[in-house]
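All remarks here apply to the structure that follows.
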Amino acid sequence: MVSEEEQVTNEAIADRLASMSRLLVIAGDDRHRSGAYERAARQVERLALPVAGLGEEELIRIPGIGERIAGEIREIAQTGSFQELDDLRAVVPESLIALLEISGVGPRTLHLLWKRLGILTLDDLERAVKSRRVRKLPGFGAKKEEMIARGIRQSRDRPDRMTRPQAGALVARVAALFLDGEHAVAGSYRRGAPTIGRVAIVTTAAPDGLADRIAAVAGGAPLSVRFTEPARYGTALLCATGSAGFLERLGEAALARGYRLSPDGLVDADGRLHTFASEEEVFAFLGMEAVPPELREDRGEVELALRHALPDLIDLCDVRGDLHSHTVWSDGRQSLEDVAEAGDERGYEYIAITDHSSKVSPEALAKQRAAIEQINRGHDCELLCGSEVDIRSDGSLGYENRVLADLDLVIASVHSGFAQDQDVLTRRILTAMENEHVDIIGHPTGRLLDRRPPYAVDLERVMAHAAETETALEINSSPHRLDLEDIYIQQAKKRGVKLAAGTDAHRTGEFANMRNGIMLARRGWCAPDEILNALSLSGLLEWRS
DNA sequence: GCCGTTTTCGGCCCGACTGTTTTCAGTCG
């Protein structure tokens with residue numbers, strides 16, 4: 001009998017089940033069977049109570065876990081693995097699992113690469129591509145080989161940075177070790193960066209014995225913790241927040257006044273330390289405006305703060321609605337009613353329903369409008385009848401003009417042909433902007449932070465044309481996209497292009513992602529009047545006309 | 001493999017798009 005301490009964690013059990021799932025895929029087994037293991041793994045991962053402590057009958061009551069997997073979970077709890085997995089591991093090399101992550105390589109392809117070319121690792125695959133052996137496989141060709149080559153490059157180039165949800169999960173794990181009010185998040189996470197290289201935390205807790213527990217919780221993830229005391233908290237937080245460039249400029253400003261900036265405080269010419277309990281006190285002492293964390297990127301903000309001329313930034317409370325959402329009418333998990341309720345809860349004036357044109361026929365769209373009108377009678381938040389219409393590979397749109405003309409809001413987005421060259425892809429978007437019914441270009445670069453680089457779009461041309469055609473550019477606020485990037489937001493606004501923050505919410509919880517988009521808008525130095533959805537409903541409708 | 005039930009086995013989300021071949025594999029949302 002294993003003691004409570006040594007009990008196999010849910011994470012470990014989920015990991016074995018997920019391994020089983022992937023090995024089954026590569027082995028060419030029935031995909032539904034592998035899917036069952038995948039679902040069981042997700043289920044175990046999500047459960048709060050330790051699954052290793054449950055009996056077989058209790059396990060079977062968990063949805064997605066049947067008699068077979070229940071028995072295997074018991075086996076994992078006792079031995080750390082299970083027979084069927086071990087048998088499969090003896091047949092399918094585990095190094096192949098990583099290759100499934102490569103774009104262009106699915107289970108079928110991987111099966112052939114392994115059996116026909118003996119490929120086991122990323123290096124093997126790269127060699128096979130270079131020597132043009134892949135294109136000779138049955139059903140393969142030069143394009144397929146190029147696609148795999150691209151996938152390999154992408155996976156090699158993928159920077160080792162965390163998404164905000166990943167960093168947030170790490171922060172939450174560490175935060176559980178502190179008492180209330182004892183810590184703050186600093187670093188690029190606090191500055192609102194789209195991805196985070198290292199999570200930084202400042203704490204006033206006593207360091208005794210904490211370091212080991214923090215290291216254990218972090219599990220090797222990049223994390224730095226600065227211990228300080230309440231009286232020195234201001235400079236400690238300031239220095240831990242960065243950025244390096246901002247701190248350099250701030251240090252120069254301090255030096256001009258006779259002080260050296262350090263995490264402990266400001267040191268004067270006589271070596272005396274002045275300490276500060278808050279960042280505001282540091283800024284005030286230096287005779288500056290307090291610089292919001294999102295601006296601390298060394299883009300001229302220190303100079304402006306010294307002149308008390310920082311820009312007026314948009315706040316979350318300025319937001320009057322959401323311009324991008326999906327429902328069960330396409331690939332969302334929420335009903336129209338759910339969206340209206342979420343809008344009421346958030347005190348929004350409006351939310352645009354923008355289901356995919358590819359999933360909603362013009363006839364269904366007319367029905368959706370009727371349903372929306374019905375629902376609008378019962379809510380303060382008005383649902384707008386919009387669409388996220390595909391910009392097809394040839395630049396045409398997913399709906400005809402007569403359909404677009406009836407909509408309250410039209411987002412046009414690229415969802416296919418990501419590998420097109422820059423000129424072709426850019427021209428698709430320019431063409432879409434020329435359509436008088438298109439209001440917003442959705443997720444302008446198409447990047448997925450943990451999975452896919454941007455497509456080859458010339459944003460200079462897009463921004464120039466957006467200004468000409470008075471088309472807005474989206475700030476997609478999904479933490480996996482965060483698209484447009486802040487430097488382009490800043491450039492777009494300088495050209496007079498409106499920015500439209502939308503969450504792309506597929507379920508009600510995701511409307512809260514608006515805070516990401518507003519953080520990004522702030523990083524792009526946006527004032528409320530540059531953000532489309534800071535307009536009232538009547539203002540928005542007026543902008544469209 | 002799980003589920004639901006038509007309690008014994010068929011369905012598991014899916015339609016558009018792309019590339020490479022004429023029937024499918026992979027990607028996309």
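Here is how names work: the chains are called A, B, and so on, in the same order as the sequence lines, proteins then strands, and each is numbered from 1.
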Supply the atom-to-atom distance Ile475(A) CD1 to Glu485(A) CD, rounded to the nearest 0.5 angstrom. 11.5 Å

Interatomic distance at [atom1], [N] relative to [M], whole Å:
| N | M | atom1 | value |
| --- | --- | --- | --- |
| dT22(B) | dG26(B) | P | 15 Å |
| dC14(B) | dT7(B) | P | 24 Å |
| dG11(B) | dT6(B) | P | 15 Å |
| dG19(B) | dT23(B) | C1' | 13 Å |
| dC28(B) | dT20(B) | P | 16 Å |
| dC13(B) | dC9(B) | P | 22 Å |
| dC3(B) | dT8(B) | C1' | 12 Å |
| dG10(B) | dG15(B) | C1' | 22 Å |

So is Arg164(A) actually on top of Tyr189(A)'s ring, under 6.0 Å and inside 45° of the axis?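 Here Arg164(A) passes the 6.0 Å and 45° test against Tyr189(A).
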
Nearest-Å distance for atom pair [atom1]/[atom2], residues [X] and [N]:
| X | N | atom1 | atom2 | result |
| --- | --- | --- | --- | --- |
| Ile62(A) | dC3(B) | CD1 | P | 10 Å |
| Gln83(A) | dG1(B) | CD | P | 15 Å |
| Phe140(A) | dT23(B) | CZ | P | 17 Å |
| Asp29(A) | dC2(B) | CG | P | 13 Å |
| Glu56(A) | dC2(B) | CD | P | 11 Å |
| Arg31(A) | dG11(B) | CZ | C1' | 10 Å |
| Met147(A) | dC24(B) | CE | P | 19 Å |
| His326(A) | dC28(B) | NE2 | P | 16 Å |

For atom CZ of Arg89(A), is the number of surrounding heavy atoms from other residues, nucleotides or ligands below 6.0 Å larger than 12? yes

Per [X] side chain, nearest of listed nucleotides [options]:
| X | options | value |
| --- | --- | --- |
| His32(A) | dG26(B), dG1(B), dG29(B) | dG1(B) |
| His356(A) | dG29(B), dC17(B), dG26(B) | dG29(B) |
| Lys144(A) | dC17(B), dG29(B), dG26(B) | dG26(B) |
| Arg451(A) | dG26(B), dG1(B), dC28(B) | dC28(B) |
| Ala36(A) | dG1(B), dC17(B), dA25(B) | dG1(B) |

Nearest nucleotide by nearest heavy atom, which residue falls closer to the 5' end of DNA chain B, Ile102(A) or Tyr37(A)?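 Here Tyr37(A) is the residue nearer the 5' end.
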
For Ser34(A) and Glu388(A), take the nucleotide of DNA chain B holding the closest heavy atom to each; which residue's nucleotide lies nearer the 5' end? Ser34(A)

Looking at every strand, decide which applies to [X] at a 4.0 Å heavy-atom threshold: base, sugar-phosphate, or nothing.
| X | answer |
| --- | --- |
| Ala142(A) | sugar-phosphate |
| Asp30(A) | base |
| Gly35(A) | nothing |
| Ser103(A) | sugar-phosphate |
| Glu145(A) | nothing |
| Arg481(A) | sugar-phosphate |

Using every non-hydrogen atom in the two residues, find where Cys526(A) and Lys493(A) come nearest and quote the distance to one decimal. SG-CD, 4.1 Å

Using a strict threshold of under 4.0 Å (side-chain N to carboxylate O), is an ion pair present between Glu460(A) and Arg495(A)?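 Yes, Arg495(A) and Glu460(A) are salt-bridged.
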
Ring-ring centroid check His415(A) His443(A), cutoff 6.0 Å: yes

Check the orientation of His356(A) and His326(A). Use parallel for under 30°, tilted for 30 to 60°, and perpendicular for over 60°. parallel

Measuring to OP1 and OP2 of [N], would you say a side-chain N or O of [X] lies under 4.0 angstrom away?
| X | N | value |
| --- | --- | --- |
| Arg452(A) | dG29(B) | yes |
| Ser358(A) | dC28(B) | no |
| Arg333(A) | dC13(B) | no |
| Arg392(A) | dC17(B) | yes |

Can you tell me the pairing partner of dT8(B) across any strand shown, Watson-Crick or G-U wobble, with both distances under 3.5 angstrom? none

